[in-house]
Visitor: 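Pasting in a structure now, in structure tokens, and then I'll have a few things to ask.
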Amino acid sequence: MSTIGRGSGLDRLLRKLDTAVGGAARTPRNPERANSGGLQTPTSPDSPLKRRNAISRPGGMAGRNVALAALRMLGGAKRPQEPSLPNPWGLPDPAGMPAHAVGGLPSPPLTPPHTPPRMPWTPTGPTAMPMPMPMPWAQPAQRPAVPPKPPELQQPPLQMPQAPTLPNPLDRPAHWKQPAPQGFAQRPAAVPARQADAYPIQVKVPQGQQKLFRKEQREATSVPKLARNIDRLYKQLNLKVTADTLPAFTNAQVLEKPKQLGAGAFNTVFSVKLKNPDGTPFDGVFKPLGAVEKGWVAAATGIPKDDPQIAMRNIATVSYAKKLGLDVVPSTRMAVLDTGRGVVDPDLGLIMEKARGRPASQVEASLLRRPDVCAEVTKLQLLDHLTGQGDRHANNYFINIEPDGRAKVMGIDNDQCFGKNLKDPAGIQQMDHDRLRYGFRGTGLPPVVDTEMARAINAMTSRDIRAMLGNKLSEPEIQAAIERHEGVKNHIAQLRATGHIIDPSQWGQGDVQRLLNGQNSYLGRERDRAMAKNHW
Amino acid sequence: MNASVTESAQALFDGEQLPFPPVPAPLAALLQPQGPGWFATRPVASSPYDFDRFVGEVETEPALPGYAVVGFDGHGSNSWAVHFYLVDTALALFVQLPWGGAYVDAGPARADIVDVFDWAAALQARLRTAEATGRIPPGTRLQVAASRFSHAGWRWLDAGQDATATPWNPAAGMKAAMLLELDELIAGRRTTAAARC
């Protein structure tokens with residue numbers, strides 16, 4: 001049954017990871033990442049040795065899950081069949097991802113016959129996510145026999161941390177019941193068949209070296225090599241492996257080769273046309289992730305420079321917005337894509353919906369007075385206060401009037417947020433003469449909110465926040481988020497006391513509009529700039 | 001003279017098909033690479049994207065020796081900019097304009113950069129004339145913030161003057177306003193003290 005030898009790289013990797021699953025994953029050294037289900041955060045950023053040791057350690061569940069994810073991408077591993085949960089964002093179920101571009105390679109079974117029987121994979125810890133796992137490679141006759149699980153080791157199937165089947169009755173209508181954002185399919189359809197890369201490597205091989213090239217090519221596209229590379233990418237970023245961070249897209253879904261976006265050769269962002277599981281195309285933006293953050297806002301708010309967790313901050317922002325029903329940030333998932341260096345050397349990064357419309361810095365002042373624009377921009381502002389987003393300038397949020405006439409606001413670059421030191425929701429405000437506020441580009445809290453916003457924020461509890469962020473951020477970062485939420489709730493209470501909670505239909509009223517100025521609202525700030533900017 | 005580094009800095013801008021910022025030759029010769037896409041004439045603690053840090057520094061340290069920073073910096077998908085910071089005896093100029101973002105329309109952005117750099121060159125020429133004719137008292141600087149990410153405005157600052165108590169002139173029309181003011185200074189129709197009133 002086995003198609004992979006005892007000494008193969010993947011087998012060694014899996015056995016190595018398995019032996020490290022226990023202690024490393026359950027006894028993290030860094031209490032700030034105590035809830036991590038994945039790689040360990042170094043105990044001290046000042047200690048290169050500790051950092052190297054922490055990262056080089058197999059990483060418990062993280063390493064195992066990355067390898068398993070790689071296997072699943074290759075169609076070579078199977079999870080126990082469990083009921084699938086609705087996918088709130090309509091994104092591909094990682095378990096249902098099609099095979100990666102290694103067409104023709106035999107898919108290895110998870111358990112070689114010469115090793116002791118291994119327990120079937122059972123999701124444990126915060127990374128657990130019951131998912132159906134297709135096994136297209138295995139014919140019934142070839143399916144490896146799974147040894148029965150000893151009763152003492154049987155565990156009840158764990159639930160996904162944020163079980164979407166248990167909606168809070170105080171919440172707005174569940175977001176996952178709403179139509180999916182444009183560009184993403186509502187729900188993954190059937191898993192497409194294994195396919196080759198969308199864009200094959202074009203290499204001219206000199207005479208006499210074809211044999212060597214073929215050997216290297218085989219190695220480059222082999223299962224162990226790919227698994228190692230994916231594992232390496234996660235380790236480089238110290239990225240925990242959760243249902244949210246597994247790659248939702250790989251080269252197999254690429255319809256058109258990624259193209260660098262925008263002006264400038266020093267910023268690496270790619271436009272890429274991808275295929276949803278149902279076959280529909282969509283235009284995405286792919287941002288490869290770096291392991292270092294140098295921004296002053298990040299430093300001032302306590303985001304670790306050498307372990308910034310950019311992906312988690314983006315994903316946490318999306319989760320927060322979704323929980324509140326604030327549709328003002330793009331759907332964001334992880335992807336492993338070849339951006340030009342070849343299949344063997346892909347990038348791990350964020351894939352997100354392409355923002356539509358124009359950046360707020362370029363819209364006319366009149367647009368900023370539209371009632372629906374006022375409401376949507378205020379939603380983004382409230383989200384930024386809650387997440388501690390310190391770098392919301394007028395070039396990283398977009399305003400679009402959709403074909404149906406509704407205003408759509410989309411905030412991007414959600415990585416300078418959730419710092420553990422920022423506990424005051426108004427702390428994102430730009431203050432020219434406050435050294436501690438240098439670099440912050442936000443405003444004070446809004447002078448008016450509507451009843452829907454107030455209800456959504458007041459309905460959220462600290463328990464909700466903890467459940468939402470628990471597998472994404474450190475404990476001090478979660479605690480700071482809870483304090484910011486309390487601060488926003490207190491602000492809403494003050495607004496209520498002064499009659500500044502309005503009906504959503506009142507955003508267009510003159511007295512409401514006049515409350516918005518450059519110090520207390522993005523709208524006021526952008527109006528001021530719209531008047532002055534083009535006339536420097 | 002470090003010609004190769006200066007050439008590298010210029011090549012960086014050439015590669016973007018952008019003009020090199022009008023850095024005075026003595027400072028340009030001192031440029032050193034400080035990051036993947038930017039150069040400075042002295043070590044700096046923060047990267048150019050942290051605009052407010054540079055603006056605040058010159059306010060709190062008026063005796064700061066002259067320096068220049070040029071290059072590209074940012075984060076995320078669209079939070080990227082070209083930077084040109086110049087602190088000299090009579091000028092503290094901080095320019096931060098969108099460039100390099102995934103959603104930046106290169107044509108208009110390039111035109112904006114060319115326009116502002118041309119204006120900065122004209123501003124420096126007038127300041128040199130004003131200094132040479134003794135129209136700008138020692139220790140007085142024209143402070144200019146020109147960021148499309150942070151804030152914009154301009155003002156005169158004396159050494160030891162409380163910057164927090166000195167209001168900024170509005171950004172609207174500021175390029176022409178500064179050139180006009182310097183023309184009037186040079187012509188003797190105005191003083192920097194009067195300009196602050």
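Numbers restart at 1 for each chain; the letters A, B, ... are given by sequence-line order, proteins then strands.
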Visitor: Would B:F94 and B:F54 satisfy ring-ring contact (aromatic ring centres under 6.0 Å, His included), going step by step from the backbone distance to the final call?
Guide: CA-CA 8 Å; B:F94 304 95; B:F54 290 87; 7.1 Å; no

Visitor: Side-chain donor-acceptor pair under 3.5 Å between A:Q430 and B:S150, yes or no?
Guide: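 B:S150 and A:Q430 do have a side-chain donor-acceptor pair below 3.5 Å.
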
Visitor: Select, from B:S77, B:A81, B:G15, B:A145, the one with the greatest count of heavy-atom pairs under 4.5 Å involving chain A.
Guide: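 Counting heavy-atom pairs under 4.5 Å, the top option is B:S77.
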
Visitor: Report yes if the side chains of A:E477 and A:K472 come closer than 4.5 Å at any heavy-atom pair, otherwise no.
Guide: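 In short, these two side chains do not touch, never coming nearer than 4.5 Å.
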
Visitor: So do A:Q389 and A:T317 actually touch side chain to side chain, heavy atoms under 4.5 Å?
Guide: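 Side-chain contact under 4.5 Å: no.
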
Visitor: In terms of heavy-atom proximity below 4.5 Å to chain A, should B:A177 be classed as side chain, backbone, both, or neither?
Guide: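 Neither part.
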
Visitor: Of the backbone (N, CA, C, O) and the side chain (C-beta and beyond), which part of A:F398 lies under 4.5 Å from a heavy atom of chain B, both, or neither?
Guide: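 Contact with chain B involves the side chain of A:F398 alone.
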
